A.B. asks: 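Structure below; questions to follow.
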Amino acid sequence: MHFLVRLAVFLSLCGCSNAQGQTKEEDTEEVKIEVLHRPENCSKTSRKGDLLNAHYDGYLAKDGSKFYCSRTQDEGHPKWFVLGVGHVIKGLDIAMMDMCPGEKRKVIIPPSFAYGKEGYAEGKIPPNATLMFEIELYAVTKGPRSIETFKEIDTDNDRQLSKAEIELYLQKDFEKDEKPRDKSYQKAVLEDIFKKNDHNRDGFISPKEYNVHQHDEL
């Protein structure tokens, strides 16, 4: 995966607007999931904090009109996002839990788990719209905010991330990038990470500040 995609997730720069106008109606509404295809061999399923790669098409449930097609956006590349953290609308976060790579689903998402009373004009989604998505999942990998990645960065195992540790982690990713970056750019990225994540300004990023999405306890 391209370095800038990983970096954007690391910095929590969400690429999609989260659901708007959610209310107590969530208590009575639910996301409906229909599994269209599930591979016989499935050794790993998606969980909160995982990095997913998927294609999905979005339709208005009332008339079937398409408002989004990932295959026609950004040269048709499947989308990367972290599951369960608001990078996509809440209904998709729910609908894509426990999926296998290669699985296909059709899901119905009520307004309270989508764009609510406000709608989303840019996406041609009217207020109070129920949405339907057809989803095909390609890959499930550990996400940048997973406990596994935290441990990978935390080379001295002291349960906190120093600037030196994150700088080393970034340097490895910079080396994989197709566009070489100079040291000043790398330094700016490092400072931005600490500005956004080191909330108590002690020079370290704790598991809580890093917002680890745990599969196991630290």
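All of these numbers come straight from a predicted model, not from anything done at the bench.
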A.B. asks: Would you give the length of the straight line joining atom CD1 of Ile33 to atom CE of Met96, rounded to the nearest 0.5 angstrom?
C.D. replies: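 The distance works out to 10.5 Å.
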A.B. asks: Check Lys195 against Arg201 and note the closest heavy-atom contact, atom names and distance.
C.D. replies: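 Minimum heavy-atom separation between Lys195 and Arg201: O-NH2, 3.1 Å.
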A.B. asks: Would you find a donor on one side and an acceptor on the other, under 3.5 Å apart, between the side chain of Asn197 and the backbone of Ile193?
C.D. replies: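 Yes, Asn197 side chain to Ile193 backbone: donor-acceptor pair under 3.5 Å.
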A.B. asks: Taking everything shown except Asn41 itself, do over 12 heavy atoms lie less than 6.0 Å from its CG?
C.D. replies: no
A.B. asks: May I ask you to check whether Tyr68 and Tyr56 place their ring centres under 6.0 Å from each other?
C.D. replies: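 Under 6.0 Å, so yes.
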A.B. asks: Kindly write out the residues that satisfy salt bridge (Lys or Arg N to Asp or Glu O under 4.0 Å) with Arg38, not counting sequence neighbours, or none if the list is empty.
C.D. replies: Glu103
A.B. asks: For a 4.5 angstrom cut-off between non-hydrogen side-chain atoms, does Pro126 reach Leu60?
C.D. replies: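 Yes. Closest side-chain heavy atoms under 4.5 Å.
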A.B. asks: Set out, in order, the CA-CA distance, both residues' side-chain angles and the distance that settles side-chain hydrogen bond (donor to acceptor under 3.5 Å, both in side chains) for Glu29 and Ser112, then state yes or no.
C.D. replies: CA-CA 8 Å; Glu29 295 184 321; Ser112 58; 2.4 Å; yes
A.B. asks: Once the angle between the rings of Phe67 and Phe133 is folded into 0 to 90°, is it parallel (under 30°), tilted (30 to 60°) or perpendicular (over 60°)?
C.D. replies: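 Geometry flag for Phe133 against Phe67: perpendicular rings.
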A.B. asks: Output the distance between atom CG (Asp154) and atom OG (Ser206), rounded to the nearest 0.5 Å.
C.D. replies: 11.5 Å
A.B. asks: Determine whether Val31 and Leu92 fall in the same hydrophobic cluster, where Ile, Leu, Val, Met, Phe, Trp and Tyr are linked whenever their side-chain heavy atoms lie under 4.5 Å apart.
C.D. replies: yes
A.B. asks: Strictly distance-based, threshold 3.5 Å: is any side-chain N or O of Arg105 a donor or acceptor partner for the main-chain N or O of Glu136?
C.D. replies: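 Side chain of Arg105 to backbone of Glu136: no pair is present.
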A.B. asks: Compute the ring centroids of Tyr169 and Phe150, then answer whether they are less than 6.0 Å apart.
C.D. replies: no
A.B. asks: List for me each residue that meets side chain to side chain donor-acceptor pair (under 3.5 Å) alongside Asn53, sequence neighbours excluded, and say none if there are none.
C.D. replies: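 Testing Asn53 for side chain to side chain donor-acceptor pair (under 3.5 Å), a comparison that skips the adjacent residues, returns none.
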A.B. asks: Roughly how far, to the nearest 0.5 Å, is the CD1 atom of Ile205 from the NE2 atom of His199?
C.D. replies: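 One gets 8.5 Å once the value is rounded to the nearest 0.5 Å.
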A.B. asks: Just how far is it from atom NZ of Lys79 to atom NE2 of His87, taken to the nearest 0.5 Å?
C.D. replies: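 Output value for this atom pair is 15.0 Å.
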A.B. asks: Any chance you could measure Ile166, atom CD1, to Ile153, atom CD1, to the nearest 0.5 Å?
C.D. replies: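 Reported value, rounded in 0.5 Å steps: 6.0 Å.
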A.B. asks: Where do Val140 and Ser46 come nearest, in terms of heavy atoms and distance?
C.D. replies: CG1-CA, 4.0 Å
